[in-house]
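As a basis for the values below, the full set of heavy atoms in this structure was taken, side chains included, without hydrogen atoms, waters or symmetry mates.
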Amino acid sequence: MFSLLRRRGDAFHQRQKKQELWKCVRRILDRNSIAELLPDDDRAVKRLPFCSPIMLQPCNEDQLAECEPILALTKDLCDDGVAIVVPQALEQSQVICVIWQSGPIFLLGDVRQCHYLGGGFWKVGVQLAEVVSGDEYPTLQALSKQLSPEFEWV
C-alpha cells in the first residue's frame, strides 16, 4: 500500500521520477556495453547472448566429483564455449554441462576461468570439448528433467 501511495502524485513528479530511473538504467547499460566495443577481446569466435538454465556436474578426468549437481544460468554461447553464472566457485577442471533443448543435451567441457562477480555469484568460462551420452550419467540424466520448462517444482 505504501508504494502505491508514494508513486501517486502529479504528472510532472511522476515524469521526473521516470527520467531519473531511465538515466540510472542507461548508465548501467552504457557501462556494461562498452566492453563490446573495446578491441582487447582476443576471442576468435564472437559469443552470442544465450540465457538458459543449465545443470553442471563438476568432474576431474572423467570422474564425477562427490558434490551435488549445480543449477545455474548461461550468459552467452559460441561454437565451442559457454559462459555460465553459478552460485559457487568451481574448483574442478572439467564439468558435464546439461542444457535442455527438446530434451537434455550432455556436453563435456574444460573450466577455463572462474571469476567472482559479487553478490555470491561467479562467472565460469567453459570450453566445450564433446557431446557425451546421458546414459553414462544416469543420476544426472534423471535430475536433468528439472531443466525442462514443463517441470513443476513441488
Side-chain angles (χ1 to χ4, degrees), residues 1-60 65 67-132 134 140 143-153:
M1 185 74 164
F2 174 73
S3 63
L4 290 176
L5 292 174
R6 197 180 79 203
R7 288 188 205 158
R8 292 187 182 145
D10 61 34
F12 177 77
H13 186 258
Q14 287 179 356
R15 178 72 177 176
Q16 188 178 25
K17 288 292 185 187
K18 199 64 152 170
Q19 286 176 336
E20 182 181 339
L21 171 68
W22 292 337
K23 283 181 192 177
C24 180
V25 172
R26 190 74 239 166
R27 267 183 265 134
I28 293 168
L29 291 172
D30 288 347
R31 192 172 298 136
N32 289 295
S33 63
I34 191 66
E36 295 292 322
L37 302 175
L38 297 177
D40 65 347
D41 190 1
D42 58 354
R43 292 184 181 136
V45 180
K46 183 165 175 51
R47 291 183 182 249
L48 299 172
F50 177 72
C51 183
S52 177
I54 189 169
M55 184 176 289
L56 302 174
Q57 178 62 62
C59 57
N60 283 322
C67 61
E68 293 290 319
I70 302 163
L71 287 172
L73 287 174
T74 61
K75 181 181 174 296
D76 51 39
L77 180 70
C78 72
D79 289 342
D80 66 348
V82 62
I84 304 167
V85 177
V86 297
Q88 64 191 61
L90 293 182
E91 298 174 6
Q92 289 77 14
S93 61
Q94 291 183 318
V95 290
I96 301 294
C97 302
V98 186
I99 298 176
W100 193 274
Q101 296 290 308
S102 304
I105 299 172
F106 293 77
L107 307 165
L108 176 65
D110 298 313
V111 176
R112 293 293 181 214
Q113 59 179 327
C114 185
H115 299 289
Y116 185 63
L117 293 172
F121 295 98
W122 283 258
K123 183 173 105 176
V124 176
V126 176
Q127 183 176 12
L128 300 172
E130 63 181 290
V131 178
V132 294
L140 197 55
L143 291 172
S144 71
K145 293 181 178 104
Q146 296 175 23
L147 299 172
S148 168
E150 290 81 33
F151 181 81
E152 290 190 33
W153 291 88

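- In this structure, Phe106 and Val98 have side chains that are in contact, with non-hydrogen atoms separated by less than 4.5 Å.
- If you take CD1 on Ile54 and NZ on Lys75, they are separated by 14.0 Å, rounding to the nearest 0.5 Å.
- The heavy-atom pair separating Leu107 from Val132 by the smallest distance is N-CG2, 4.3 Å.
- Annotation: side chain of Cys97 is in contact with side chain of Leu56 (closest heavy-atom distance under 4.5 Å).
- Heavy atoms from other residues, nucleotides or ligands lying under 6.0 Å from CD of Gln127 number more than 12.
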- request: Would you check, one step at a time, whether the test side chain to side chain contact (heavy atoms under 4.5 Å, CB included) holds for Cys114 with Val86?
  value: CA-CA 10 Å; Cys114 185; Val86 297; 5.5 Å; no

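- Put simply, the side chain of Val111 reaches to within 4.5 Å of the side chain of Val95, judged on heavy atoms.
- Put simply, CG on Leu77 and SG on Cys51 are 12.0 Å apart, with the number rounded to the nearest 0.5 Å.
- The two residues Gln57 and Pro69 have their closest heavy-atom pair at OE1-CG, 3.2 Å.
- Nearest heavy atoms, Arg47 versus Ala83: NH1-N, 3.3 Å.
- A 4.5 Å side-chain heavy-atom check between Ile70 and Pro87 finds at least one atom pair inside the cut-off.
- When all heavy atoms are compared, the tightest approach of Met55 to Gln146 is CE-OE1, 4.2 Å.
- Heavy atoms from other residues, nucleotides or ligands lying under 6.0 Å from CZ of Phe12 number 12 at most.
- Val82 approaches Leu128 most closely through the heavy-atom pair CG1-CD2, 4.2 Å.
- Two residues are said to be in side-chain contact when any heavy atoms from C-beta on lie closer than 4.5 Å; Leu140 and Pro104 fail this criterion.
- The main-chain N or O of Thr74 is never found under 3.5 Å from a side-chain atom of Ser52 such that the two would form a donor-acceptor pair.
- Closest non-hydrogen pair, Phe121 versus Tyr116, comes out as O-CD1, 3.4 Å.
- Taking 4.5 Å as the limit, every side-chain heavy atom of Gln14 sits out of range of all side-chain heavy atoms of Lys18.
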